[in-house]
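The structure appears below as structure tokens.
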Amino acid sequence: MTTLEKLFNPAQRQRLYQAIPTRYSCRSYVGAPSTADWASLGYAAERFALPGARLLLHTVSPDIFTGIVLGYGKITGCTTIAVLAASIATPHSRIHAGILGEAFCLEATALGLGTCWVAGTYKKKQLALPLQADETVLSIIAVGVPEKATPPDARKRKSLDRICKGDILLWPQELRRVAEAVQIAPSAINLQPWEMELTADRFILNAPERQQLDLGIAVCHAELAMESPHVWHFGDGKREPLAWVRALP
Ligand SMILES: Cc1cc2nc3c(=O)[nH]c(=O)nc-3n(C[C@H](O)[C@H](O)[C@H](O)COP(=O)(O)O)c2cc1C
């Protein structure tokens, strides 16, 4: 099993980082990925594995998606999904799942496909999957040919001041790039529960413990934006933060 720092090869790292600004939650689809794209996504889904988390590709009936939650429209025209399964007993499996799911979304975005994380607005009973006994489905991800190729103009995001502690202008340029990549990450009901802080010896990326999936998504964006050598540490979210790296040079 690989580690986060080795999850992406250099070409993939660059491709996925470049896909960050164009990813958005697509809720209208006009078709499934081509056979070639589906095969590429299958390869990515197999390659993207971290302890306790994995992605399974699946075809579904479009009526698996349900109604409107908090004003978000129902997903239409989508017949292909990735299922994000986690073995909850494995340490940090929810964070790992967030990382893998978002890497999958960015891979699909780089192929010109639309994606949408869907943890709530689908019929869970309609998914019949060969899961292991200790696995649970944390979310599905809709994927397909988007009706519109371009993302919406305005993204509703918290300012960097609200998600970063201290004066971000004093941070090294690389960490400002990391903060900007985290800022546009997707999160459940767009809560953006992240908090970043640069201390004397650590760059901390934290979130409330119940939002570990969203934290993993932010960690994926942060990892893709980091250039200096680093090692991620994951904590319990109680005595220590959920994620940090030693301060970058
Ligand atoms: C873990 C997670 C779960 C989500 N669940 C749903 C969902 O059930 N239904 C839905 O329409 N959107 C869902 N979303 C999409 C978010 O609403 C969306 O990412 C957020 O509003 C930001 O918009 P953007 O992705 O276009 O940048 C989910 C996103 C995440 C990260």
Centre of Phe8's six-membered ring, under 6.0 Å away, within 45 degrees of the axis: is that where NZ or CZ of Arg15 sits?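 Verdict for Phe8: no cation-pi partner in Arg15.
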
Assess whether atom [atom1] of [X] is packed by more than 12 heavy atoms of other residues, nucleotides or ligands within 6.0 Å.
{"X": "Gln14", "atom1": "CD", "result": "no"}
{"X": "Lys148", "atom1": "NZ", "result": "no"}
{"X": "Lys125", "atom1": "NZ", "result": "no"}

Checking side-chain polar atoms at under 3.5 Å, does [X] have a donor or acceptor matched by the opposite partner on [Y]?
{"X": "Glu174", "Y": "Ser228", "answer": "yes"}
{"X": "Glu102", "Y": "Trp117", "answer": "yes"}
{"X": "Glu5", "Y": "Trp232", "answer": "no"}

Say whether, by atom type as modelled, one donor and one acceptor occur between the side chain of [X] and the main chain of [Y] under 3.5 angstrom.
{"X": "Asp214", "Y": "Ile217", "result": "no"}
{"X": "Gln192", "Y": "Asn190", "result": "yes"}
{"X": "Gln126", "Y": "Lys123", "result": "no"}
{"X": "Arg13", "Y": "Glu223", "result": "yes"}
{"X": "Ser61", "Y": "Ile64", "result": "no"}
{"X": "Tyr29", "Y": "Cys26", "result": "yes"}
{"X": "Arg176", "Y": "Trp171", "result": "yes"}
{"X": "Lys158", "Y": "Leu191", "result": "yes"}
{"X": "Gln183", "Y": "Arg157", "result": "no"}
{"X": "Thr80", "Y": "Val143", "result": "yes"}

To the nearest 0.5 Å, what is the distance between CD1 on Ile95 and CG on Leu215?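 Separation between the atoms: 5.0 Å.
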
Kindly assign one of parallel, tilted or perpendicular to the pair Trp244 and His233, based on the angle between their ring planes and the thresholds 30° and 60°.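 Geometry flag for His233 against Trp244: parallel rings.
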
Trace of the salt bridge (Lys or Arg N to Asp or Glu O under 4.0 Å) decision for Glu135 with Arg54: CA-CA 10 Å; Glu135 275 185 322; Arg54 64 185 180 121; 2.7 Å; yes

Can we say Arg202 and Glu197 salt-bridge, meaning some charged N sits less than 4.0 Å from an Asp/Glu carboxylate O?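 No salt bridge links Arg202 with Glu197.
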
So Pro51 and Ser93, do their side chains get closer than 4.5 Å, heavy atoms only?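 No, every pair of side-chain atoms sits at 4.5 Å or beyond.
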
Minimum side-chain heavy-atom gap Arg27-Glu147 below 4.5 Å: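 No, too far: nothing below the 4.5 Å cut-off.
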
Worked check of side chain to side chain contact (heavy atoms under 4.5 Å, CB included) between Val83 and Leu131: CA-CA 11 Å; Val83 179; Leu131 292 183; 5.5 Å; no

